[in-house]
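Any value given below was found using the heavy atoms of this structure, including those in side chains, with hydrogens, waters and symmetry copies removed. All figures in this text were calculated on a predicted structure; none of them were measured in a lab. Along the sequence shown, the residues carry numbers beginning at 1.
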Amino acid sequence: MWADPDDDPRNSEGPSPDGELPTLQDYLKDYRLTLRMKCEGLTPEQLARRSVPPSTMSLLGLLRHLAEVERDWRNWLTEDEPLPKLYGARDADFDDVRPEQAMVDAAYADLEREQRATDEAVHAFTDLGERVGRDRVSIRELLVHRIEEYARHCGHADLLRECVDGRVGQ
């Protein structure tokens with residue numbers, strides 16, 4: 001097991017959240033935590049290790065990618081000019097990864113900042129069916145997409161971590 005079930009911070013005693021929004025938020029919280037757990041205890045070299053050629057996917061790249069998509073999701077909420085990319089051109093979040101502690105620290109800081117900013121922006125909307133932005137996406141769709149994105153990348157993170165040190169788990 002990745003984490004002892006008694007010590008797993010994703011496990012909660014008691015009833016599940018009541019209501020659609022708290023349920024969606026709970027799933028998002030757990031997937032975010034899962035990603036962090038998959039990256040814990042690794043060196044910059046291990047975090048930057050690429051999967052298999054020609055892929056540029058790495059755990060560090062996933063941290064940077066999810067910071068980038070958190071920022072992009074805020075663009076879905078508005079009709080204003082899009083926020084600029086964090087890392088530059090398409091796929092730079094993966095392609096430009098270097099095994100340096102400063103890059104690891106920056107990736108975690110970027111991810112936390114962008115998650116917080118997206119959460120704050122989404123919390124401004126109380127109706128999950130409200131359609132916003134240029135594409136008239138519903139807040140519900142945005143929340144579900146965020147969960148799906150983290151879930152998919154947690155699967156990637158599980159395989160990447162297994163390649164680094166053999167650890168697998170929930």
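- Taking the charged nitrogens against the carboxylate oxygens, K29 and D26 do have a contact shorter than 4.0 Å, which makes a salt bridge.
- In this structure, H145 and W73 have perpendicular ring planes: the angle between them is above 60°, well past the 30° mark.
- Looking only at side-chain heavy atoms (C-beta outward), S51 and M57 come within less than 4.5 Å of each other.
- Taking the side chain as every heavy atom from C-beta outward, R32 and L28 approach each other to under 4.5 Å.
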Donor-acceptor pairs under 3.5 Å, side chain of residues 100-111 to any protein atom, not counting sequence neighbours: which ones?
unit_1	atom_1	unit_2	atom_2	d
E100	OE1	R98	NE	3.3
E100	OE2	R98	NE	3.3
Q101	NE2	D105	OD1	2.8
D110	OD1	R113	NH1	3.1
D110	OD1	R113	NH2	3.2
D110	OD2	Y87	OH	2.7

Step by step, work out the side chain to side chain contact (heavy atoms under 4.5 Å, CB included) result for D135 and W76. CA-CA 7 Å; D135 296 329; W76 294 17; 6.0 Å; no
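- The CD1 atom of I139 sits 5.0 Å away from the CG atom of L77 when rounded to the nearest 0.5 Å.
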Working for side chain to side chain contact (heavy atoms under 4.5 Å, CB included), residues V122 and L142: CA-CA 9 Å; V122 170; L142 173 62; 3.7 Å; yes
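- In terms of heavy atoms, P82 sits closest to N75 at CA-OD1, 3.3 Å.
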One pair to check against side chain to side chain contact (heavy atoms under 4.5 Å, CB included): Y150 and D30. What are the steps and the verdict? CA-CA 9 Å; Y150 276 93; D30 283 351; over 6 Å; no
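- Taking CG from L128 and CG from L24, the interatomic distance works out to 6.5 Å, rounded to the nearest 0.5 Å.
- Between D80 and R74, none of the side-chain N atoms (NZ, or NE/NH1/NH2) sits under 4.0 Å from a carboxylate O, so this pair counts as no salt bridge.
- A donor-acceptor distance shorter than 3.5 angstrom exists from the side chain of Q46 to the backbone of T43, with no hydrogens or angles considered.
- Distance alone, capped at 3.5 Å, is enough to place a donor-acceptor pair between the R161 side chain and the K38 backbone.
- When side chains are defined from C-beta on, L86 counts as touching E114, because their heavy atoms get closer than 4.5 Å.
- To the nearest 0.5 Å, atoms CG (D158) and SG (C163) are separated by 10.0 Å.
- A heavy-atom distance below 4.5 Å is not found between the side chains of S58 and L47.
- Remark: L160 CG to C39 SG distance equals 9.0 Å, nearest 0.5 Å.
- Residues L60 and P44 form no side-chain contact, since every pair of their non-hydrogen atoms from C-beta on lies 4.5 Å or further apart.
- For the pair E20 and R140, the salt-bridge criterion is met [side-chain N within less than 4.0 Å of a carboxylate O].
- Considering all non-hydrogen atoms of both residues, L42 and V164 come closest at CD2-CG1, 3.8 Å.
- With 3.5 Å as the limit, one finds no donor-acceptor pair spanning the side chains of Y27 and E148.
- Put simply, the side chain of T126 does not reach to within 4.5 Å of the side chain of L21, judged on heavy atoms.
- Each of R71, H123, R146, E70 was scored for a side-chain hydrogen bond (donor to acceptor under 3.5 Å, both in side chains) with T118, with one residue passing: E70.
- One finds the CD atom of E68 at 11.5 Å from the CZ atom of R90 (value rounded to the nearest 0.5 Å).
- The shortest distance between side-chain heavy atoms of T56 and V97 does not fall below 4.5 Å.
- Here the side chain of E79 pairs no donor or acceptor atom with the backbone of R134 at under 3.5 angstrom.
- Ion pairing of E112 with R36 is present here, as a side-chain N (NZ or NE/NH1/NH2) and a carboxylate O approach within less than 4.0 Å.
- For the residue pair H153 / E149, a side-chain donor-acceptor distance below 3.5 Å is found, with atom types taken as modelled.
- In the displayed structure, D127 atom CG is contacted under 6.0 Å by more than 12 heavy atoms of other residues, nucleotides or ligands.
- Tested against D93 for a side-chain hydrogen bond (donor to acceptor under 3.5 Å, both in side chains), the candidates H65, K85, R64 yield a single pass: H65.
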